[in-house]
Amino acid sequence: MEEQYGMPAEGVSVVVPTFNESGNVAELVRRLAAVLDADASEILIVDDSTDDTARVAAESADHVPHRVRVVHREDPVGGLSGAVITGMALAVHRWVVVMDGDLQHPPEDLPRLIAAGEERGADIVAASRHLDGGSAGGLDGLLRHLVSSGSTLAARALFPRRLRDCTDPMTGFFAVRRDALDLASLRPQGFKILLEVLLRHRLTLTEVPFAFGVRTAGVSKATVANGAAYLRQLVALRLRSPAPGLAQAAAEVV
Ligand SMILES: Nc1nc2c(ncn2[C@@H]2O[C@H](COP(=O)(O)OP(=O)(O)O)[C@@H](O)[C@H]2O)c(=O)[nH]1
Ligand SMILES: [Mg+2]
């Protein structure tokens, strides 16, 4: 389970958005710590929970030598996307890795993302469920699979050139160079932050395959409302409509 890929990854800020992940966050911190260089990395947990995720996360930080920062937002502007942008604004290292807090994005895959970005000279590395060697097995049920493939098709049909090399624009697991990001260009809307990052910047993309895991604790927060927000996000990206950006700093550090 705790397989490592070579040396611990360095120069990495890991941004983890959490909403009621108290059953997952301690294991996440422990497994991330196993693959990250304690002296050249940080874990930024941006939490909008109504449960005690922030407390559990802060306690788990005491058991690892790494810098773990838990930001609990009292005013969760922009939901998941807003949380990710908040974390990106706090990140100090060369690479910013965005990953879910429910272990569906295996922490052990993180070093492969960084290695691929460095070796291939890419600005952004997306972990894809749809490349050879990847899988979307952890997605819950036929309906979620259909919605996911429909959303992917819609995005690639609307942005055929920009998403030409992107087999999985719906993935929430990616690494991006901090200095390639213009945070003011990002709009905190929808569940699909990678799409926002790719379409608001001109980045060289590479992909690595990964197997989307099964959620074993807590519940998915993906809803029909997220589906509607996704459609609005696509339209906004297509029209490039102006809207206020968000690069807000931490609300409260636990
Ligand atoms: N901070 C924050 N995190 C969120 C929010 N909604 C979902 N998340 C987190 O985003 C990640 C993906 O959400 P999840 O419900 O697992 O979506 P799914 O994997 O598509 O079913 C998880 O770490 C959630 O805890 C939110 O409103 N705010
Ligand atoms: Mg999930």
Side-chain angles (χ1 to χ4, degrees), residues 14-29 31-32 43-58 60 69-90 97-107 109-110 127-130 134-152 168-174 186 188-196 210-230 233 246 248-254:
V14 187
V15 172
V16 186
T18 52
F19 187 89
N20 295 353
E21 301 292 1
S22 58
N24 292 312
V25 76
E27 182 176 343
L28 177 76
V29 168
R31 284 169 57 185
L32 274 175
I43 301 170
L44 301 165
I45 294 170
V46 187
D47 180 58
D48 294 335
S49 298
T50 51
D51 73 358
D52 60 349
T53 298
R55 183 184 59 75
V56 176
S60 65
R69 193 160 174 198
V70 184
V71 176
H72 180 72
R73 304 194 310 162
E74 288 302 328
D75 182 15
V77 182
L80 171 56
S81 292
V84 170
I85 296 169
T86 296
M88 286 173 162
L90 295 171
V97 171
V98 177
M99 65 190 295
D100 290 354
D102 58 2
L103 302 168
Q104 290 191 283
H105 297 156
D109 288 337
L110 186 153
S128 169
R129 295 164 290 190
H130 306 311
S135 88
L139 262 189
D140 236 5
L142 181 62
L143 183 63
R144 282 298 301 275
H145 277 277
L146 288 175
V147 170
S148 179
S149 16
S151 311
T152 302
D168 193 0
M170 302 300 120
T171 185
F173 191 13
F174 59 94
L186 298 175
Q189 56 183 349
F191 234 54
K192 298 303 168 191
I193 189 73
L194 174 63
L195 198 57
E196 187 75 22
F210 93 107
F212 189 65
V214 175
R215 180 189 265 281
T216 56
V219 293
S220 169
K221 286 89 203 178
T223 60
V224 173
N226 294 137
Y230 172 66
Q233 181 187 13
L246 179 97
Q248 75 174 66
E252 182 187 324
V253 178
V254 177

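Both ligands and their constituent atoms are indexed starting at 1 by order of listing. The first residue in the sequence is number 1, and the count goes up from there.
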What protein heavy atom is closest to [atom], reported as residue, atom name and distance in Å?
{"atom": "atom 22 (C) of ligand 1", "answer": "Glu21 OE2, 3.4 Å"}
{"atom": "atom 21 (O) of ligand 1", "answer": "Ser220 OG, 2.5 Å"}
{"atom": "atom 9 (C) of ligand 1", "answer": "Pro17 O, 3.5 Å"}
{"atom": "atom 26 (C) of ligand 1", "answer": "Leu80 N, 3.5 Å"}
{"atom": "atom 17 (O) of ligand 1", "answer": "Phe191 CE2, 3.6 Å"}
{"atom": "atom 20 (O) of ligand 1", "answer": "Arg144 NH2, 2.9 Å"}

Kindly assign one of parallel, tilted or perpendicular to the pair His105 and Phe210, based on the angle between their ring planes and the thresholds 30° and 60°. perpendicular
Against Arg129, only a single residue in Thr152, Thr171, Asp168 fulfils side chain to side chain donor-acceptor pair (under 3.5 Å); can you say which?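 The residue from Thr152, Thr171, Asp168 that satisfies side chain to side chain donor-acceptor pair (under 3.5 Å) with Arg129 turns out to be Asp168.
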For the pair Ser81 (side chain) and Ile193 (backbone), establish whether a donor and an acceptor sit closer than 3.5 Å, ignoring hydrogens and angles. no
Taking the side chain from Ser22 and the backbone from Thr53, do they hold a donor-acceptor pair closer than 3.5 Å? no
[X]: numbered ligand 1 atoms lying under 4.0 Å from its heavy atoms:
{"X": "Val46", "answer": "1 (N)"}
{"X": "Thr18", "answer": "1 (N), 2 (C), 3 (N), 25 (O)"}
{"X": "Asp100", "answer": "11 (C), 12 (C), 19 (O), 23 (O)"}

Just let me know how Lys221 lines up against ligand 1, side chain, backbone, both or neither, with a heavy-atom cut-off below 4.0 Å.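 It is both backbone and side chain that touch ligand 1.
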Is it the side chain (CB and beyond), the backbone, both or neither of Asn20 that lies under 4.0 Å from ligand 1, heavy atoms counted? neither
Given the rule in the side chain to side chain contact (heavy atoms under 4.5 Å, CB included) test, do Val98 and Met88 qualify, once you have shown the distances and angles that lead to the verdict? CA-CA 9 Å; Val98 177; Met88 286 173 162; 3.8 Å; yes
Hey, does [X] come in under 3.5 Å of ligand 1, counting only N/O atoms on both sides?
{"X": "Val219", "value": "no"}
{"X": "Phe19", "value": "yes"}
{"X": "Gly101", "value": "yes"}

Any side-chain heavy-atom pair from [X] and [Y] closer than 4.5 angstrom?
{"X": "Phe173", "Y": "Leu194", "answer": "no"}
{"X": "Val70", "Y": "Val25", "answer": "no"}
{"X": "Lys192", "Y": "Ser151", "answer": "no"}
{"X": "Pro107", "Y": "Met99", "answer": "yes"}
{"X": "Ile85", "Y": "Glu196", "answer": "no"}
{"X": "Glu21", "Y": "Lys221", "answer": "yes"}

Under the side chain to side chain contact (heavy atoms under 4.5 Å, CB included) rule, what do Phe212 and Leu139 come out as? Steps first, then yes or no, please. CA-CA 7 Å; Phe212 189 65; Leu139 262 189; 3.9 Å; yes
After noting the C-alpha distance and the side-chain angles of Arg215 and Asn24, does the key distance pass the side chain to side chain contact (heavy atoms under 4.5 Å, CB included) rule? CA-CA 9 Å; Arg215 180 189 265 281; Asn24 292 312; 3.7 Å; yes
Pick, from Asp48, Ile193, Ile45, the option with the minimum heavy-atom distance to atom 1 (N) of ligand 1. Asp48
Among His72, Gln104, Arg215, which residue places a heavy atom closest to atom 14 (P) of ligand 1?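 Looking at heavy atoms only, the winner is Arg215.
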The Mg ion (ligand 2): protein N, O or S atoms that are less than 2.8 Å away, sorted by chain: Asp102 OD2, Gln104 OE1
Go through it in stages, so that I can follow the logic: the residues are Thr50 and Asn20, the test is side chain to side chain contact (heavy atoms under 4.5 Å, CB included), and I'd like the CA-CA distance, side-chain angles, deciding distance and then a yes or no. CA-CA 6 Å; Thr50 51; Asn20 295 353; 3.0 Å; yes
